[in-house]
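What follows is a single structure, written as structure tokens, with notes after it.
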Amino acid sequence: TLMASVVPQTGTSHGVSVSEILAVRELDVDSETKDDGRWQKMPQKSTEAYPYAFTVSYVERAWQHRWRCSDVTFHCLEGALCQQWVQTIREQLTALTSRPKHLLVYINPYGGKQQGERIYEQKVAPLFTLASISTHVIVTEHANHARDHLRTEAELKKYDGVVCVGGDGMFSEMVHGLVSRTQRDNGVDQNSPEEKLVPCTLRIGIIPAGSTDCICYATVGINDPVTSALHIIVGDAQPMDVCSVHHNNTFLRYSVSLLGYGFYGDVLADSERKRWMGPARYDFSGFKTFLTHHYYEGTVSFLPATDILGTPRDKTRCRAGCFICQHNGQLYSEDHQPLFLLPEYKGGWRVIRGKFLAINAASMSCACPRSPKGLSPAAHLADGTTDLILVRKCSRFNFLRHLLRHTSKYDQFDMNFVEVHRVRRFRFTPRYCQSDSELDLRENGKRLFSQICRDHPACSCSPAYSSWNCDGEILPHAAIEVGCVTTPYNLLCKYTVHSESI
Ligand SMILES: CCCCCCCCCCCCC/C=C/[C@@H](O)[C@H](COP(=O)(O)O)NC(=O)CCCCC
Ligand SMILES: Nc1ncnc2c1ncn2[C@@H]1O[C@H](COP(=O)(O)OP(=O)(O)O)[C@@H](O)[C@H]1O
Ligand SMILES: [Ca+2]
């Protein structure tokens with residue numbers, strides 16, 4: 001901690017932790033300018049008493065988990081002392097090896113309210129410059145631009161991390177680009193659901209500029225670009241669980257936040273056609289989907305996570321330095337074989353058949369501005385499990401009560417048509433088999449004429465299948481197999497981390 005043995009401008013004492021210092025610069029008190037070119041008139045009194053000064057920019061905790069950059073100017077009597085302070089602070093900052101120096105930044109100009117470029121230029125780039133971070137910025141030109149660039153072209157050795165400016169969809173592109181490249185480079189077959197993923201060494205940061213920003217909100221505690229930029233600068237890191245989604249032994253996608261079938265799949269499918277509405281499309285499609293009240297029949301099989309600490313109905317929450325994540329992470333360390341892969345662990349699968357309004361798998365709380373506690377408030381970011389939430393067919397009134405619980409502090413799962421299980425793996429099989437031709441139609445985004453109506457096979461009033469909402473991307477396959485791993489521990493690190501005070 002830098003203590004005020006020199007005198008801050010206000011004349012009061014001030015302590016700043018070195019780990020939260022962003023930059024330090026010497027002030028030329030006489031010339032009336034700062035060395036960054038901005039004009040600043042020093043207060044007359046302190047200039048006379050202490051002719052030498054330096055300014056420290058540091059992280060200040062603000063309201064509701066926000067971080068802000070603050071400046072404090074220290075004054076000294078002697079120039080040599082002033083220089084010694086500046087040099088020492090710079091040396092200490094250089095010694096912080098977890099801080100990034102070179103970043104690759106992808107901006108989605110199309111996400112959220114289409115403000116990605118403005119947010120980056122006005123709020124984030126000046127902070128990276130202040131912290132002497134060099135950046136290579138790419139504004140994406142089409143969907144999957146960032147994913148493909150990361151997977152094939154990007155010279156990753158040049159960077160300490162990649163940053164995306166956008167929503168959950170952009171973060172998902174980063175994950176797919178980096179994880180896929182790492183598996184390919186290490187000869188891991190992504191199509192095998194049992195294969196152990198090799199960790200990627202580069203970290204991923206996210207500057208929120210999307211519609212839901214759930215991944216950012218659930219990790220940092222707020223969707224605020226300045227807060228995320230500051231977490232990136234100080235080198236905060238957070239391991240995250242990754243679910244791999246397969247269909248018939250073919251890899252489909254990775255998921256880090258929500259995998260939702262039924263309600264959330266239908267909301268997403270409808271909202272994609274209304275992108276022009278911006279983030280409000282989710283409210284519109286949410287309301288419409290609520291009114292349609294479709295349910296879907298199928299079988300859910302899952303492998304409960306019995307070897308870990310914590311349950312989905314705990315009152316405790318996953319926070320910085322989470323004990324449960326650390327403990328469960330050790331189960332995956334080098335010398336431990338994940339328990340669910342051991343032969344004796346087989347046979348623990350449970351099977352539930354039924355009619356469901358929603359099947360949600362939350363690998364993290366999925367907190368976001370629409371649902372500040374999230375779909376599964378006690379879920380953990382890095383415990384190697386996902387919370388499987390089954391919402392059975394019920395009345396519209398009851399389903400509304402369930403949805404309203406997402407926005408309140410009351411127990412989400414205290415309803416007789418809702419059940420929750422903390423699982424390692426799960427499978428869903430719809431009651432009616434999807435034909436290849438129907439899958440082709442869905443993959444090409446066409447409207448479906450061949451859907452089987454449950455009760456009246458001759459009409460098309462009610463669909464037999466929903467889609468999966470996979471971190472905000474549509475998966476047309478109804479039948480999927482999902483495995484959740486943090487293996488090896490630290491598989492993925494984000495620069496963003498929840499602040500201690502959440
Ligand atoms: C009658 C009151 C109903 C209130 C219900 C509110 C529930 C909101 C829960 C939202 C959970 C969000 C989980 C995250 C999903 C995102 O990955 C996904 C894509 O995000 P982005 O790329 O940033 O656009 N967002 C959604 O699927 C939106 C779901 C909104 C449903 C209303
Ligand atoms: N330049 C671009 N043009 C069109 N789509 C893009 C572009 N860059 C990224 N995308 C896609 O936009 C989608 C939404 O991105 P995201 O950043 O998650 O915003 P939102 O939160 O509004 O959905 C993602 O599927 C992503 O692949
Ligand atoms: Ca988890």
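What's counted below: heavy atoms across the whole structure, side chains too, no hydrogens, waters or symmetry copies.
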**Item:** Thr212-Asp168 side chain donor-acceptor pair, cut-off 3.5 Å
**Value:** no
**Request:** State, with a plain yes or no, whether a side-chain heavy atom of Glu20 is found less than 4.5 Å away from one of Arg61.
**Result:** yes
**Message:** If I take atom CG from residue Asn416 and atom CG from residue Asn398, how far apart are they, to the nearest 0.5 angstrom?
**Reply:** 7.0 Å
**Message:** Using modelled atom types and a 3.5 Å cut-off, is there a donor and acceptor pairing between side-chain atoms of Asp189 and backbone atoms of Asn191?
**Reply:** yes
**Prompt:** How close do Pro312 and Arg422 get, heavy atom to heavy atom, and via which atoms?
**Reply:** CA-NH2, 3.5 Å
**Side chains of Tyr296 and Asp266, donor plus acceptor under 3.5 Å** = yes
**Prompt:** If you take all heavy atoms of Arg370 and Asp283, which pair is closest and at what distance?
**Reply:** NE-OD1, 3.1 Å
**Asked** Atom CE of Met174 and atom CD1 of Ile206: how far apart are they, to the nearest 0.5 Å?
**Response** 9.0 Å
**Prompt:** What's the shortest heavy-atom distance between Lys113 and Pro279, and which atoms?
**Reply:** CG-CD, 3.8 Å
**Prompt:** What pair of heavy atoms forms the shortest contact from Ile119 to Ala209, and how long is it?
**Reply:** CD1-CB, 3.9 Å
**Message:** For Lys373 and Cys368: C-alpha separation, side-chain torsions, deciding distance, then whether side-chain contact (heavy atoms from CB on, under 4.5 Å) applies.
**Reply:** CA-CA 7 Å; Lys373 302 222 175 309; Cys368 61; over 6 Å; no
**Asked** Do Phe290 and Phe263 have ring centroids that are under 6.0 Å from one another?
**Response** no
**Residue pair His149 / Tyr106, side-chain donor-acceptor N/O under 3.5 Å** = yes
**Asked** Quick one: does Arg151's side chain have a donor or acceptor within less than 3.5 Å of a partner on Leu178's backbone?
**Response** no
**Item:** From Lys274, Glu272, Arg273, residue fulfilling side-chain contact (heavy atoms from CB on, under 4.5 Å) relative to Ser285
**Value:** Lys274
**Prompt:** Counting N and O atoms only, with roles assigned by atom type, does the side chain of His327 sit under 3.5 Å from a partner on the main chain of Ile308, one being a donor and the other an acceptor?
**Reply:** no
**Prompt:** Any ion pair linking Lys288 and Asp270 (charged N to carboxylate O, less than 4.0 Å)?
**Reply:** yes
**Prompt:** Is there a side-chain contact between Val234 and Arg99, using heavy atoms and a 4.5 Å cut-off?
**Reply:** yes
**Salt bridge flag under 4.0 Å for residues Arg68 and Asp224** = yes
**Distance (rounded to the nearest 0.5 Å) between Cys318 SG and Phe323 CZ** = 13.0 Å
**Request:** Would you indicate whether the side-chain heavy atoms of Arg281 and Trp276 approach each other to under 4.5 Å?
**Result:** no
**Prompt:** When you measure from the side chain of Arg424 to the backbone N and O of Gly384, does any donor-acceptor pair fall under 3.5 Å?
**Reply:** yes
**Message:** Donor-acceptor pair, distance only, cut-off 3.5 Å: does the side chain of Ser180 make one with the backbone of Gly177?
**Reply:** no
**Asked** Are side-chain N/O atoms of Gln190 and Ser244 paired as donor and acceptor at under 3.5 Å?
**Response** no
**Asked** If only atom types and distance count, is the side chain of Ser365 paired as donor or acceptor with the main-chain N or O of Ala367 below 3.5 Å?
**Response** yes
**Message:** Whether the Asn248 and Thr250 side chains hold a donor-acceptor pair (N or O, under 3.5 Å, no angle test) is what I'd like checked.
**Reply:** no
**Message:** Please tell me whether Thr182 and Asp185 have a donor and an acceptor in their side chains that are separated by less than 3.5 angstrom.
**Reply:** no
**Request:** Over all heavy atoms of both residues, which pair between Cys69 and Leu22 is shortest? Give the atoms and the distance, please.
**Result:** SG-CD1, 3.7 Å
**Request:** Could you walk me through whether Phe428 and Tyr261 pass ring-ring contact (aromatic ring centres under 6.0 Å, His included), step by step?
**Result:** CA-CA 10 Å; Phe428 175 71; Tyr261 187 79; 4.7 Å; yes
**Request:** With the side chain counted from C-beta on, respond yes when Ser376 and Phe413 share a heavy-atom pair under 4.5 Å apart, and no when they do not.
**Result:** yes
**Item:** Verdict with supporting geometry, Val300 and Arg427, side-chain contact (heavy atoms from CB on, under 4.5 Å)
**Value:** CA-CA 6 Å; Val300 184; Arg427 276 188 213 116; over 6 Å; no
**Request:** Please examine the side chains of Ile107 and Ile138, heavy atoms only from C-beta on, and report whether any two atoms are closer than 4.5 Å.
**Result:** no
**Request:** Answer with yes or no after comparing the ring centroid distance for Phe251 and His246 against a 6.0 Å cut-off, counting only values under it.
**Result:** yes
**Check: His176 side chain, Ser172 main-chain N or O, donor-acceptor pair, under 3.5 Å** = yes
**Request:** Could you tell me whether the side chain of Asp160 and the main chain of Lys101 form a donor-acceptor pair under 3.5 Å?
**Result:** yes
**Gap between atom CD of Gln183 and atom CD of Glu195 - 0.5 Å precision** = 8.5 Å
**Message:** With a 3.5 Å distance limit and no angle check, can you tell me whether Asp241 reaches the backbone of Asp383 through a side-chain donor-acceptor pair?
**Reply:** yes
**Asked** Under 3.5 Å, is there a donor-acceptor pair between the His406 and Gln412 side chains?
**Response** yes
**Item:** Full working for side-chain contact (heavy atoms from CB on, under 4.5 Å) between Asn144 and Glu173
**Value:** CA-CA 6 Å; Asn144 295 326; Glu173 281 203 28; 3.8 Å; yes
**Message:** Any heavy-atom pair between the side chains of Arg425 and Pro193 that's under 4.5 Å?
**Reply:** yes
**Message:** Contact between Val482 and Leu259 at the side-chain level, heavy atoms closer than 4.5 Å - yes or no?
**Reply:** yes
**Message:** Can you give me the closest heavy-atom contact between Leu93 and Ile21, atom names plus distance?
**Reply:** CD2-O, 3.7 Å
**Prompt:** Is NZ or CZ of Arg253 both nearer than 6.0 Å to the six-membered ring centre of Trp468 and within 45° of the ring axis?
**Reply:** no
**Request:** Measure the CZ-OG distance between Phe171 and Ser257 for me, rounded to the nearest 0.5 Å.
**Result:** 9.0 Å
**Item:** Note: Glu297-Lys393 ion pair, threshold 4.0 Å (strictly below)
**Value:** no
**Message:** Are the side chains of Phe356 and Ile352 in contact, using a 4.5 Å heavy-atom criterion?
**Reply:** yes
**Message:** Using 0.5 Å steps for rounding, measure from the OG1 atom of Thr385 to the CG atom of Leu303.
**Reply:** 11.5 Å
**Asked** Can you tell me if CZ on Arg184 sees more than 12 non-hydrogen neighbours from other groups inside 6.0 Å?
**Response** yes
**Message:** What verdict does the side-chain contact (heavy atoms from CB on, under 4.5 Å) test give for Tyr282 and Ser211, after you've listed the backbone C-alpha separation in whole Å, the side-chain angles of each residue and the deciding distance to 0.1 Å?
**Reply:** CA-CA 9 Å; Tyr282 289 136; Ser211 300; 3.5 Å; yes
**Prompt:** Does Arg181 use its side chain to pair, donor to acceptor, with the backbone of Ala154 at less than 3.5 Å?
**Reply:** yes
